[in-house]
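In this chain, numbering begins with 1 at the start of the sequence shown. Read the numbers this way: they start at 1 and go in the same order the structure lists the ligands and their atoms.
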Amino acid sequence: MSSQVESLQVLARARELVASCTGFRDTAISPTAVDRVVRAELARGRSPSELMAEMQRPNAPLARALLDAVLVGETYFFRHPEQFRFLAAEVVPSALRRGSLHLRGWSAGCASGEETYSIAACLLNTVTPGVTVEVLGTDLHEGRLEYARRGVYGNWSRREAGPLLYPLYQEVADGRVSVIDSVRAVTRFAQTNLLEPLAEMYGQFDVIFCRNVLTYFSQDAVTAALGHLARALVPGGHILLGTVEVDHPPEGLVRVGPPELQAFRRPLPNAPPPPRPTPPPEPPKVVRAPPAPPEPPKPPPSPIRLHTDALQRIEGGDEAGAAHTLEALLEQFRDYLPGMLELALLRERAGSREAAFALMHSVRDSAARLPPDQIIEGPEPLPARFYRASADAFLTLGSIE
Ligand SMILES: C[S@@+](CC[C@H](N)C(=O)[O-])C[C@H]1O[C@@H](n2cnc3c(N)ncnc32)[C@H](O)[C@@H]1O
């Protein structure tokens, strides 16, 4: 066999190896990167058959070199800032409402760690006192994880497109910055492949960021990775994906907010089922039935029923309809805290900041008048202190911005 044919076989095998290890589709694997690695090995005097044999072992140095060459590590602090604003305004209050006292975040495909530290800084600055935070960053590329653990970055990690939303680093020498101790203290990094069952390894998270990673994956790999990630969310937890990575909610999750936000939530187990289609009308009866006894008067709708109806509308993507239902609810039940909070979050998402703030002030003031441990009935019964903590978190964030 000619050496040229053998080299081509090595290149083809190298691409297969990269695809099976990363989940990348063939067209996302840089031919020049693979070519460079293979040619460098051949130039060192290694034979094509030696390289073929080494590629039987996915953990061998050649496989590592191939992965390092093709994995794209582009990232910077507070990339896509709107998703960090959503984390602060929606995800954290929602976790506090669920009663979470220890918030766990995960940056899946974190590259050199800028995203992981940004999540940690955001969580630390938006949880209420007494709530603790932990953030995990994982990637397939061990070299980038080592860089992440050092926590020292240059200008390329601080771009104008990513505003410094929360304190995260301090200047050191030569224009470089070092991640501050409070943020480092809650952050750790580990090497992980997103094609592996991850919930079993790391437990469950309140929020997962997996951005600009799946964009390189084949459809099968996207489905597998999203399945693992969805299972690693606590019920009620959120996942944020990159802007063009999926065009419909991953299985078992529901979209939250506008499509461009790419935010999805794992529903709570007691979340209402999606509305059923109305059954077809019964055929007319031939035999006239005796007149039915008058129906007992219906009980007036309870705030929880109306709230549940609003939640169904939100899950179905009808946020305007949900807002109307909540407005009607609050006309009747002015002090219903869960409804006030829900409407405030809807107003914020619809861009009506002033209305959201006014409602959040009412939530905080009403909650402050109640004993902190008093349980407030709603779709989820929660103590008054959680309403106060959620409103505090929201209002504090507003004053920071
Ligand atoms: C472009 S970076 C994204 C960094 C960050 N998430 C952001 O959006 O700024 C993509 C990262 O995904 C990692 N990656 C690719 N395939 C992976 C896999 N199968 N398992 C884990 N990480 C993977 C790459 O090593 C790379 O560091």
Salt-bridge present (Glu342, Arg347; N to O < 4.0 Å): no
All side chain to side chain donor-acceptor pair (under 3.5 Å) counterparts of Glu146, not counting sequence neighbours: none
Without placing hydrogens or testing angles, list every side-chain donor-acceptor pair under 3.5 Å for residues 214-223, not counting sequence neighbours.
residue : atom : partner : partner atom : Å
Ser218  : OG   : Ala221  : N            : 3.2
Thr223  : OG1  : Gln219  : O            : 2.9

Quiz item: cation-pi between Arg104 and Phe205, 6.0 Å / 45°: yes
Qualifying residues under salt bridge (Lys or Arg N to Asp or Glu O under 4.0 Å), relative to Arg211, sequence neighbours excluded: Glu115
Neighbour list for ligand 1 [protein residues, heavy atom under 4.0 Å]: Thr22, Phe24, Leu71, Val72, Glu74, Thr75, Arg79, Gly109, Ala111, Glu115, Asp139, Leu140, His141, Arg144, Thr192, Asn193, Leu194, Arg211, Asn212, Val213, Phe217
Among Arg64, Arg46, Arg13, salt bridge (charged side-chain N to carboxylate O under 4.0 Å, His left out) partner for Glu54: Arg46
